[in-house]
Amino acid sequence: MRNAEMVIAAGDTFVGQIRGGNVVEINGQVEGTIVTRKLVIGPKGEFKGSLKVDDAVIHGVLRGEATVQKLLSISQTGDVVGRIRYGHIAIEHGGHFTADARNVPPELAGDFELVVARGEMVQITPSDLNATDADDAATALTYTASGMLNGYLARGDDSGAAIQKFTQADISAGAI
């Protein structure tokens, strides 16, 4: 299912896995695993299981474990219960949300390795260390360095002044 929409109609039941695609809309009952870009559960729709999506709009029932990277939107008829991770959440008045809820933490990537020869300097690049967060821009993702031995961190425009804090935006700009 690539760039497609899948609809589970009212009265239909599906048990199994749904992976890929653009939008999955549930108006019937689904039990299993869903991995897609966007999930919409209609007012009479029900989902039980494990879910990983970018965005979710819940007008019906969601039970289980869900990771919603960006926006979890629960309407006034929505009913969400389970272990829920989200980037942002919006709940209309009347919507029901009972969950072990966690904001999706930043994701770290890179090779996490930096070798500096004695007396030399190197630049920290996004291939060394790179963080992304659904909630915050690169300017708000702050690193704090501690426990450094035999050296220090500095900004490229002032390599003589030691720093302890810098941002992902600094790394992306080649400033550290």
Using atom types as modelled and distance alone, determine if a side-chain donor or acceptor of [X] lies under 3.5 Å from a backbone N or O of [Y].
| X | Y | result |
| --- | --- | --- |
| Asp128 | Thr125 | yes |
| Thr36 | Gly20 | yes |
| Tyr152 | Ser159 | yes |
| Gln123 | Gly174 | yes |
| Asp55 | Lys70 | no |
| Thr67 | Lys52 | no |

Spacing of [atom1] belonging to [X] relative to [atom2] belonging to [Y], to within rounding of 0.5 Å:
| X | Y | atom1 | atom2 | value |
| --- | --- | --- | --- | --- |
| Leu129 | Glu113 | CG | CD | 13.0 Å |
| Ile41 | Ile26 | CD1 | CD1 | 5.0 Å |
| Ile84 | Thr98 | CD1 | OG1 | 10.0 Å |
| Lys48 | Glu31 | NZ | CD | 6.5 Å |
| Ser73 | Leu39 | OG | CG | 11.5 Å |
| Thr13 | Glu46 | OG1 | CD | 9.0 Å |

So, for [X] and [Y], which heavy atoms are closest and what is the spacing to 0.1 Å?
| X | Y | value |
| --- | --- | --- |
| Thr167 | Ala138 | CB-O, 3.7 Å |
| Ile58 | Val80 | CG2-CG2, 3.9 Å |
| Ala154 | Ala161 | CB-O, 3.5 Å |
| Ile171 | Tyr143 | CD1-CE1, 3.6 Å |
| His96 | Ile74 | O-CG2, 4.2 Å |
| His93 | Gln76 | O-CB, 3.1 Å |

Under a 4.5 Å side-chain heavy-atom rule over Ile, Leu, Val, Met, Phe, Trp and Tyr, are [X] and [Y] clustered together?
| X | Y | answer |
| --- | --- | --- |
| Val23 | Val35 | no |
| Leu141 | Phe112 | no |
| Val7 | Ile34 | no |
| Met6 | Phe47 | yes |
| Val61 | Leu72 | no |

- request: Report the C-alpha distance between Glu5 and Asn22 in whole Å, list the side-chain angles of each, state the deciding distance to 0.1 Å, and finish with yes or no for side chain to side chain contact (heavy atoms under 4.5 Å, CB included).
  value: CA-CA 6 Å; Glu5 183 173 316; Asn22 199 28; 6.0 Å; no
Side chain to side chain contact (heavy atoms under 4.5 Å, CB included), paired with Ile163, selected from Asp170, Leu153, Thr144, Asp158: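 The passing option is Leu153.
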query: Would Arg83 and Glu65 pass as an ion pair if we require N to O under 4.0 Å?
result: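 Here Arg83 pairs with Glu65 in a salt bridge, since their nearest N and O are under 4.0 Å apart.
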task: On the 0 to 90° scale, with breaks at 30° and 60°, tag the Tyr86-Phe97 ring pair as parallel, tilted or perpendicular.
output: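 Because their plane-to-plane angle is over 60°, the rings of Tyr86 and Phe97 count as perpendicular.
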Quick check: are there more than 12 heavy atoms from other residues, nucleotides or ligands sitting under 6.0 Å from [atom1] of [X]?
| X | atom1 | result |
| --- | --- | --- |
| Glu92 | CD | yes |
| Arg63 | CZ | yes |
| Met148 | CE | yes |

query: Side chains of Thr132 and Gln168: does their closest heavy-atom pair fall under 4.5 Å?
result: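 Of all side-chain heavy-atom pairs linking Gln168 with Thr132, none is under 4.5 Å.
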